[in-house]
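Here's the structure we're looking at; comments come further down.
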Amino acid sequence: MIDPKHLLNVSRRHFIVESALGLGALALGTLMPGCGRRKEEAIRAMDRVLNPMAPRPPHFAPKAKRVIYLHMAGAPSQLELFDYKPELMKLHDQLCPPSLLEGKTFAFIRGVPKMMGPQANFRQRGDSGAWVSDCLPHFASIADEVSFLKGVHTDQFNHAPAQLFVHTGTPRLGRPSIGSWVTYGLGSENNDLPGFVVLTSGGNTPDAGKSVWGSGFLPSVYQGVQCRSEGDPVLFLSDPEGVDRALKGEMIDAINQVNAEHYKEFNDPETLTRIAQYEMAYRMQISVPEVMNINDEPEYIHKLYGTTPGKTSFANNCLLARKLVEKGVRYVQLFDWGWDAHGTDPATAIDIGLRNKCREIDRPMTALILDLKQRGLLDETLVVWGGEFGRTPMKENRDGKEMPFMGRDHHLEAFTMWMAGGGIKKGVTWGETDEIGYYPVRGKVSVHDVQATILNQLGLNHEELTYQFQGRPFRLTDVAGKVITEIVA
Amino acid sequence: MLFLGRFHPLLVHFPIVLLLTAFVFEVMSRSHHFRGLKFSVLPLMLLGSVAAVFSALTGYFISQEGGYDQSTLDRHQWSGIATAVVALAATAAKWRKSNQRGLVGTLFIILTVLVVATGHLGAGLTHGRDFLTEYAPWNRQRETAFALPVISNPDEAVLYADMIRPILEQRCYSCHSEKRQKGNLRLDSEEFIRKGGDSGPILNGREGELCRRLLLPAEHEDHMPPNEREQPSSAEIELIAAWVESGADFNAKVASLDNAPRIKSYWSILQTSADPSWLPDEDVDAADAKAIAALAEAGALVMPVAANSSFLTVDFLNVRSFGPVAEPLRKLRDQVVDLRAEGKTLPDSVMTAITLLRNLRKVSLANSSFNAERIDLSALPNLVYLNLTGTGVGEEALAGLPELRNLRKLYLYRTNVKEDAVAQLRANNPGLEVDMGGYDLPVLATDTLVYRR
């Protein structure tokens, strides 16, 4: 007998969902034994609620099984790293022609700024002849392993919306991030680890906050789990003083018993999810500290990556990313903060701070590619590198004034990204900007195209990976996106 | 006149329906049961004949626009005129209350054949001759996928003949060649390409009609090829654009052109497209559900390679005890194509079961207890990917490998295999990539160089 008081605790939405799923599935199962397909569908819907992380087959045979996404938060300058523009050098310190300013809005540039030539030395690298500057000497040695996209464009010129756009497909809050879509579409492989892990470095989390790894309207189990490389990997993961593992086990058993009673009474599948989550958390107490511990890695690996155990760094996070994908984590998202090279102080100067940031990532990200490669993991691990937009070919003149350091403003028309492994061609450069790096003139691709390509490598059709919400199906790429077949092997 | 011509596609449906219905009613009315229908036949015939006359007229007007395959057009035109004439004759015969059932019947049969033939020819004009049978079960031709010729030395290739023409042929000829000339444009010879179509010359840099329409977004009305057709890749379009930009020379070799590096990079992108699928060509039966359930019970992840595929991926990641694994794995010998057993201590029974997986393409035994003395890898002839990193095996592990002709990737990091043993393997199988690992990055001065103000 259901106590009427319990009904007061049931929200309208919950009631409707529960009756639809519970009664609907029951009715389909018993009343319509002939309708095998619909029954199967109902069972599948129930299964998704009960085992949200159970692995699911992709739409088509995938090239990649896992993704490591390296996001340089703040937006690195393509003009100092990959997009070599000798013509821009000739225009250095000349006033920007009005045609490039008409009808444009910049974050900080006011009035007429001066042009600024590349502040790095470029060379063509490897057999592919890809242009990489001397800011990334180690990475330059593996240019043949990656494919560059030089004509990526976005439509957001502020960090938070641009980061949301890159990771959720829209500049506004409330949509699921790519990692959530991927775990929603494919589930998670390792029973003891989250399917979507986020690691941050550089002293700050991205401007857009945790929404860039949020699950939006997808069930919250699909959101990214942020792990720290210093102290407890997950906050409050270790047992408090005086509580040993056996006691914790008994506690969780007791909670689960109560939850099981609750389930018997209300038949709410969400309760089963909760029981599963408690059990997973208990297992994670052992498995997460294990995988997040880099102390046991051999010395030559530490030398390769440039890691220092016990600190928070991009290098540590790169090594962790390799360990996580090795353990079957589906989507590893790295954010490295500090790339916003406006030239307001030495740390954001193109010729000072930017070079220091490059040094911090150069060895680790090169080591990551090489380490994945030697372990045979690069074939099925897609590595993506990029920022949320590019930087202007003009020198920033904040408030119309000459600035103490060389800097570049946010630029949405063109920036460079690269991808490697996971069924991406080696040594291809696709896309080209004009002589000063302002607009893409060939091979222009959008943020949605990049997202469609990431999903494509995982065997997911970006047009079919949808979720019904507010009365219509939603997808990561909204109504756009085209797989960039030019870099797909 | 051209305005009236555009009504042709609308009007043609009336004579088809009216005349065919009249024929069916005429036949039915001869049965006692439906004799009442005979009063409907004449009005239908009258309306149908008038509609046929107007269809023929508007058809003549629309044919003046041009752009249709001439021989099909001629046949469609004359059978259309014949339809109108015969329809009028049959109506007249019916009108005079002729009791010559034979005459009316004969005219009706001729008319029906004409209506069907005219309709079919007309549909062929708008949709293409093979439209109806394109997906017919007996039609195998539809599976010809887009393919470009292999060019060993792109510098010596003639840009138009060797690279551009094959693209135009597969993407454009179906509407712009001798078959059809939509917009009065033909792209199947130098003369026609230079001449252009209704919008004038087409080779005028990136802004010229050819590049402009190719480069427009697919949703744009003017975009070519039309949105519903299979689209060329951006690299194909950029290659055509690069040819036009270089002056649209029909005989120039690639090396002689200013933008040769760009052309060669596009061509290499197109040449390396479409990695062949690593999955077996032949299909297999669906896997034994009980065997899958038994493996899953033991903690193994068993997943179809893709939705609707019978091929399976198996991963032992979460397996704690291998006791119940070998038996169900044997039952999946046809289906398992991809297997990961990383970091696991595998009992001999499981290792033996693995060698029975006849369709296995990828296998990772990294950091596992793989022991080459017990396992004969040559039993897996279709292997494409083999990962033995961290197994510490010696050269004995390579014994069976020369027989694996399809092997493309072999990983031997942290094994005891020496470089010279691998050299032999590489010489045997030129397509094989062996990765010995042990990568190192040099220590550079810039590694520790901190920039300050």
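The structure displayed is predicted, hence computed values, not measured ones. A note on names: the letters A, B, ... follow the listed sequences, proteins ahead of strands, and every chain is numbered from 1.
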Measuring heavy-atom distances to chain A, does B:Glu433 have an atom under 4.5 Å in its side chain, in its backbone, in both, or in neither? side chain
Per-residue contact mode, A:Asp345 against chain B (heavy atom under 4.5 angstrom): neither
Please flag which part of B:Tyr451 lies under 4.5 Å from any non-hydrogen atom of chain A: side chain, backbone, both or neither. both
What residue, out of A:Ile142, A:Asp379, A:Ile487, has the most heavy-atom pairs lying under 4.5 Å from chain B? A:Asp379
So, for B:Val305 and A:Pro62, which heavy atoms are closest and what is the spacing to 0.1 Å? O-CD, 3.5 Å
Find the distance between NZ (A:Lys425) and OG (B:Ser268) and round it off to the nearest 0.5 Å. 7.5 Å
What I'd like to find out is whether the side chain of B:Arg206 reaches to under 4.5 Å of the side chain of A:Arg442, using heavy atoms alone. yes
Measuring heavy-atom distances to chain B, does A:Ile369 have an atom under 4.5 Å in its side chain, in its backbone, in both, or in neither? neither
Between atom OG1 of A:Thr485 and atom CD of B:Glu236, what is the distance when rounded to the nearest 0.5 Å? 8.0 Å
With a 4.5 angstrom heavy-atom cut-off, could you sort out which part of B:Leu449 is near chain A: side chain, backbone, both or neither? backbone
Answer yes or no: is there a donor N or O on one side and an acceptor on the other, between the side chain of B:Asn318 and the main chain of A:Asn191, under 3.5 Å? yes
Heavy-atom distance under 4.5 Å to chain B: side chain of A:Glu432, backbone, both or neither? side chain
Please determine whether a side-chain nitrogen of the Lys or Arg among A:Lys65 and B:Asp338 lies less than 4.0 Å from a carboxylate oxygen of the Asp or Glu. yes
Closest heavy-atom pair, A:Pro55 versus B:Leu301, reported as atoms and distance to 0.1 Å, is CG-CD2, 3.4 Å
Starting at OG of A:Ser188, measure out to CG of B:Leu317 and round the result to the nearest 0.5 Å. 9.0 Å
Of the backbone (N, CA, C, O) and the side chain (C-beta and beyond), which part of B:Ala235 lies under 4.5 Å from a heavy atom of chain A, both, or neither? both
Give, for atom OG1 of A:Thr429 and atom CZ of B:Arg262, the distance between the pair rounded to the nearest 0.5 Å. 12.5 Å
Which bit of B:Ser234 comes within less than 4.5 Å of chain A, counting heavy atoms only: side chain, backbone, both or neither? both
Chain B contacts, top residue of A:Arg355, A:Glu326, A:His138, A:Lys482 (heavy-atom pairs, under 4.5 Å): A:His138
Per-residue contact mode, B:Thr313 against chain A (heavy atom under 4.5 angstrom): side chain
Against chain B, label A:Lys426 side chain, backbone, both or neither, depending on which of its atoms sit under 4.5 Å from a heavy atom there. side chain
N-O pairing of B:Glu342 and A:Arg375 below 4.0 Å: no
Whether the side chain of A:Gln374 engages the backbone of B:Tyr439 through a donor-acceptor N/O pair (distance < 3.5 Å, no angle test) should be reported. yes
Salt-bridge contact A:Lys303-B:Asp447 (side-chain N to carboxylate O under 4.0 Å): no
Contact class of A:Val483 relative to chain B, heavy atoms under 4.5 angstrom: neither
What part of B:Phe311 gets closer than 4.5 Å to chain A, counting heavy atoms only: side chain, backbone, both or neither? neither
Between the CD atom in A:Glu380 and the CG atom in B:Asn387, the distance rounded to the nearest 0.5 Å is 10.0 Å
Where on B:Arg452 is there a heavy atom nearer than 4.5 Å to chain A: the side chain, the backbone, both, or neither? backbone
Could you tell me the separation between the OG1 atom of B:Thr446 and the CZ atom of A:Arg363, rounded to the nearest 0.5 Å? 9.0 Å
For B:Leu441, which atoms come within 4.5 Å of any heavy atom of chain A: side chain, backbone, both, or neither? both
Specify which of A:Ile484, A:Asn356, A:Leu370 makes the most heavy-atom pairs with chain B at under 4.5 Å. A:Asn356
